[in-house]
Amino acid sequence: MLIAGNWKMFKGPAETAAFCLELRRAEVGVADVVVCPPFVSLATAVQLLAGTEIAVAAQNVHWDSEGAFTGEVSPTMLRELGVYGAIVGHSERRQFFGETDETVARRAEAALAAGLSVIACVGETQAEREAGETEEVLRRQMSVLPHDEQLVVAYEPVWAIGTGKTATPQIAQDAHSFIKSLLDAPVLYGGSVKPDNAAELLGQPAVDGALVGGASLEVDSFTAICRAATHL
Ligand code: 13P
């Protein structure tokens, strides 16, 4: 069971330091735990979580190791920092920053080749679900992802992200099974995972963990979700 916290654009180095010190002292149970701070806070998180089982991943990564790509960060730079992996293809990047299936694939392949683990996000919008296109969208997004032992997929239905509207356990189970029929990889669920719905979602057979947004920003709620994974 893998529980990853995607902090999005929250927590600079000072808040990251405070969070990591508190997290070190907290009980997280037996789940594999990853935190994904913004780029500027990665070094602090790596330093302060050193010697623990908690890993640190970035929220995005470029495909080249260096070059004229203003604003981007390369896989080798992340490796140099001691970062364990990177999220790619989050729906917020697809929605607001022009990310496409092709660029997601390039990021994933380069990160894996550099020795990073990858959490690749897929998921349909509300309109796509209502139009009965969920499987078509998932098939298209999955078709470009490489087969690799270090690749984890996160199913994040866009309509459930930051909305407080969670997929029902059955919706998650069905989507995860479908994704697994396309690629043999662990699949995390993401979209309004909270301490009070975590056990039910994580209890579905095809759900291998969670990618948590809002509830990962407080140590109490994040560790409650990690502990929920332990009791299954
Ligand atoms: P929320 O948990 O805030 O809905 O965010 C989910 C998400 O986007 C994680 O990557």
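For ligands, and for the atoms within them, numbers begin at 1 and follow the listed sequence.
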*Gly213 N/O under 3.5 Å from ligand 1 N/O*: yes
_Can you name the atoms of ligand 1, numbered from 1 with element, that are less than 4.0 Å from a heavy atom of Leu211?_
9 (C), 10 (O)
*Does a side chain donor of either Gln173 or Ser177 reach within less than 3.5 Å of an acceptor in the other side chain?*
yes
*Between the side chains of Ser91 and Gln95, is a donor N or O closer than 3.5 angstrom to an acceptor N or O?*
no
*Less than 3.5 Å between some nitrogen or oxygen of Gly162 and one of ligand 1, yes or no?*
yes
*Among all protein heavy atoms, pick out the one at the shortest distance from atom 5 (O) of ligand 1; state its residue, atom name and that distance to 0.1 Å.*
Lys8 NZ, 3.2 Å
*Atom indices of ligand 1 within 4.0 angstrom of Gly214 heavy atoms, with elements*: 1 (P), 2 (O), 3 (O)
*Determine, for Arg140 against Glu133, whether the closest basic-nitrogen to carboxylate-oxygen distance falls under 4.0 angstrom.*
no
*State if Ser91 counts as touching ligand 1 under the rule of any non-hydrogen atom under 4.0 Å.*
no
*asked:* With side-chain contact (heavy atoms from CB on, under 4.5 Å) as the criterion, how do Ile161 and Lys8 come out once you've worked through the C-alpha distance, each side chain's angles and the decisive distance to 0.1 Å?
replied: CA-CA 12 Å; Ile161 295 178; Lys8 310 193 178 185; 3.5 Å; yes
_Pair Glu156, His90: side-chain N/O donor-acceptor within cut-off below 3.5 Å_ = yes
*From CA spacing to verdict: side-chain contact (heavy atoms from CB on, under 4.5 Å), Val83, Val46*: CA-CA 7 Å; Val83 165; Val46 168; 4.1 Å; yes
*Considering the heavy atoms of Asn6, write down every atom of ligand 1 situated less than 4.0 Å from one of them.*
9 (C), 10 (O)
*Dump the intermediate steps for side-chain contact (heavy atoms from CB on, under 4.5 Å) on Trp63 and Thr103, then the final yes or no.*
CA-CA 8 Å; Trp63 48 83; Thr103 54; 3.9 Å; yes
*For ligand 1, is there an N or O atom under 3.5 Å from any N or O atom of Thr163?*
no
*Aromatic rings Phe69 and His62: how do their planes relate, parallel, tilted or perpendicular, breaks at 30° and 60°?*
tilted
*Mark the output for Gly191 as yes if a heavy-atom distance to ligand 1 is under 4.0 Å, and as no if none is.*
yes
_Proximal atoms of ligand 1 relative to Ala160 (non-hydrogen, under 4.0 Å)_ = 4 (O)
*Please state whether the rings of Trp7 and Phe19 are parallel, tilted or perpendicular, taking 30° and 60° as the class boundaries.*
perpendicular
*Among all protein heavy atoms, pick out the one at the shortest distance from atom 9 (C) of ligand 1; state its residue, atom name and that distance to 0.1 Å.*
Glu156 OE2, 2.9 Å
*Would you check whether Lys194 reaches within less than 4.0 Å of ligand 1, judged by its heavy atoms?*
no
*Of all the atoms in ligand 1, which lie at a distance below 4.0 Å from a heavy atom belonging to Ser192?*
1 (P), 2 (O), 4 (O)
